[in-house]
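The structure appears right after this line, and notes come after that.
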Protein chains: 2
Amino acid sequence: MKNPFDHLDKMLEHRLRLQIMSVLVTNDVFDFNSLKEVLGVTDGNLASHIKALEKEKYLSVTKTFVDRKPNTKYKITERGRTAFKKHVDALEAVVKQTK
Amino acid sequence: MKNPFDHLDKMLEHRLRLQIMSVLVTNDVFDFNSLKEVLGVTDGNLASHIKALEKEKYLSVTKTFVDRKPNTKYKITERGRTAFKKHVDALEAVVKQTK
DNA sequence: CGAAAGTACTTTGAATTACAAAGTTACTCA
DNA sequence: TGAGTAACTTTGTAATTCAAAGTACTTTCG
């Protein structure tokens with residue numbers, strides 16, 4: 001790879017969004033509150049980053065009721081998985097380049 | 001490492017600043033114009049990111065004249081090298097965690 | 001039934017950050 | 001003297017980020 005920095009994904013350069021995606025890439029589905037707990041952020045802040053990822057079609061949303069309470073689940077899309085992989089590969093190349 | 005995301009360095013999450021540091025970590029010294037050429041950014045933008053890294057004491061500056069022209073050289077500091085290593089290690093851990 | 005509480009937002013507002021473009025300083029060369 | 005180069009600094013604008021407050025919908029409690 002010529003310049004791995006060129007393959008970094010703007011959307012995934014943000015710590016929170018990368019973390020959301022890394023949770024989703026390994027967990028298949030994850031709900032709003034668990035994500036909020038794991039990341040330790042306010043719900044509004046989390047919602048806005050999730051929305052950014054959803055807008056980019058990196059994840060999909062399913063709203064259901066669990067125990068009579070609303071429960072929103074997120075799932076990574078194929079597009080999201082590809083983008084994540086590309087970004088992580090670029091990171092890996094950056095790391096290798098400098099070690 | 002429990003959560004590698006906690007070890008990411010805010011200063012180095014920006015693409016340009018990470019790239020500047022990665023050039024300096026492998027090149028020992030590098031001047032302003034070469035950096036500008038490598039990164040393909042405007043001089044003003046580059047100067048402001050360098051200033052941020054300098055303020056954080058991640059690099060040091062030496063001004064000389066070469067061929068009767070001003071020449072500013074940058075060198076990574078020990079502190080900068082340590083911070084860079086820590087950040088890259090965290091990145092590596094993130095990558096490993098998700099592969 | 002009405003009030004309180006939980007989930008998952010949306011909106012608001014303020015602070016920070018990023019960037020291009022223009023201006024500046026200092027020096028050199030024709 | 002006038003143009004040119006290096007390395008900024010300043011300016012102004014746009015984008016980003018975040019906490020906090022507000023909202024919609026639903027369930028549970030008294």
Side-chain angles (χ1 to χ4, degrees), chain A residues 5-6 8-24 27 29-76 83 87, chain B residues 5-6 8-24 27 29-76 83 87:
Chain A
F5 288 91
D6 294 342
L8 293 175
D9 185 335
K10 190 98 195 284
M11 180 60 49
L12 300 178
E13 275 176 46
H14 191 280
R15 195 196 292 250
L16 235 64
R17 289 189 300 262
L18 181 62
Q19 210 165 353
I20 292 168
M21 291 297 280
S22 95
V23 166
L24 291 183
N27 286 281
V29 287
F30 222 75
D31 65 36
F32 187 86
N33 267 335
S34 309
L35 215 42
K36 187 176 140 191
E37 198 183 328
V38 168
L39 305 186
V41 286
T42 57
D43 53 355
N45 194 12
L46 176 58
S48 69
H49 284 293
I50 287 176
K51 204 180 175 185
L53 291 168
E54 193 191 348
K55 198 175 166 194
E56 202 69 24
K57 296 213 191 329
Y58 282 5
L59 53 81
S60 63
V61 182
T62 318
K63 286 157 187 287
T64 55
F65 277 83
V66 174
D67 293 337
R68 313 264 179 167
K69 284 182 294 186
N71 182 273
T72 306
K73 281 189 169 34
Y74 305 100
K75 192 176 186 314
I76 196 168
H87 184 76
Chain B
F5 289 92
D6 295 342
L8 293 175
D9 185 336
K10 192 97 196 284
M11 179 61 50
L12 301 178
E13 277 176 44
H14 192 280
R15 194 197 292 250
L16 234 64
R17 289 189 299 264
L18 181 61
Q19 209 166 355
I20 292 169
M21 291 298 280
S22 94
V23 166
L24 291 184
N27 285 280
V29 288
F30 222 75
D31 66 36
F32 187 86
N33 266 333
S34 308
L35 216 41
K36 187 177 140 189
E37 197 183 328
V38 168
L39 306 186
V41 287
T42 58
D43 54 355
N45 194 14
L46 176 57
S48 69
H49 284 293
I50 287 177
K51 204 181 175 184
L53 291 168
E54 193 191 347
K55 198 175 164 192
E56 202 69 24
K57 296 210 192 327
Y58 282 4
L59 54 80
S60 63
V61 182
T62 318
K63 286 159 189 286
T64 55
F65 278 82
V66 174
D67 291 336
R68 312 265 179 165
K69 284 184 294 185
N71 182 272
T72 307
K73 280 190 168 36
Y74 304 101
K75 193 177 186 313
I76 197 167
H87 184 77

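In what follows, every heavy atom counts, from backbone to side chain, and hydrogens, waters and symmetry copies are set aside. In the text below, chain A, chain B and the rest are named by the order of the sequence lines, each starting its count at 1. The structure presented is a predicted model; accordingly, all values stated were derived computationally and were not measured.
Picking from D/dC18, D/dT17, D/dT26 the nucleotide with the shortest atom distance to the side chain of A/Phe65 gives D/dT26.
Taken to the nearest 0.5 Å, the OH atom of B/Tyr74 stands 7.5 Å off from the CG atom of B/Leu35. To the nearest 0.5 angstrom, A/His14 atom NE2 is 9.0 Å from A/Ile20 atom CD1.
The shortest side-chain heavy-atom distance between B/Val38 and B/Phe30 falls under the 4.5 Å cut-off. Looking at heavy atoms from C-beta onward, B/Asp43 lies in side-chain contact with B/Phe32 at the 4.5 angstrom threshold. Between A/Thr62 and A/Lys75 the shortest side-chain heavy-atom distance does not fall below 4.5 Å.
Taking atom NZ of B/Lys36 as the reference point, atom C1' of D/dA6 lies 8 Å away to the nearest angstrom. B/His49 places its NE2 atom 15 Å from the P atom of D/dC8, with the value rounded to the nearest Å. Per the geometry, NZ belonging to A/Lys69 stands 9 Å off P belonging to D/dT28, to the nearest Å. Protein atom CD of A/Glu13 is 13 Å distant from nucleotide atom C1' of D/dT16, rounded to whole Å. If you take CD of B/Glu37 and P of D/dT5, they are 15 Å apart, rounded to a whole angstrom. A/Arg68 has its CZ atom 6 Å from the P atom of D/dT28, to the nearest Å. Taking atom CG of B/Asp67 as the reference point, atom C1' of D/dA6 lies 13 Å away to the nearest angstrom.
In terms of position along DNA chain D, the nucleotide closest to B/Asn71 lies nearer the 5' end than the nucleotide closest to the other residue of the pair A/His14 and B/Asn71.
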Exercise. Using a 4.0 Å heavy-atom cut-off, write out nucleotides 9-15 of chain D from 5' to 3' as B (base contacted by protein), S (sugar-phosphate only) or - (no contact).
Key: B------
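Heavy atoms only, all atoms of each residue included: A/His87 and A/Leu12 are closest at NE2-O, 3.3 Å. Residue B/Phe5 comes nearest to A/Arg15 through the heavy atom pair O-NH1, 2.9 Å, listed as atom of the first residue, atom of the second, then distance.
Using a 4.0 Å heavy-atom distance criterion, B/Arg17 is classed as a sugar-phosphate-only contact. As judged by a 4.0 angstrom heavy-atom cut-off over every strand, A/Lys63 is placed among residues touching the sugar-phosphate backbone only.
Regarding contacts with the backbone of D/dA7, every side-chain N or O of B/Tyr74 stays at 4.0 angstrom or more from both OP1 and OP2.
For the residue pair A/Thr42 / A/Asn45, no side-chain donor-acceptor distance below 3.5 Å is found, with atom types taken as modelled. For the residue pair B/Lys73/B/Asn71, the side-chain donor-acceptor check at 3.5 Å is satisfied.
With a heavy-atom cut-off of 4.0 Å to chain A, the contacted part of DNA chain C has its first and last nucleotide at C/dT7 to C/dT10.
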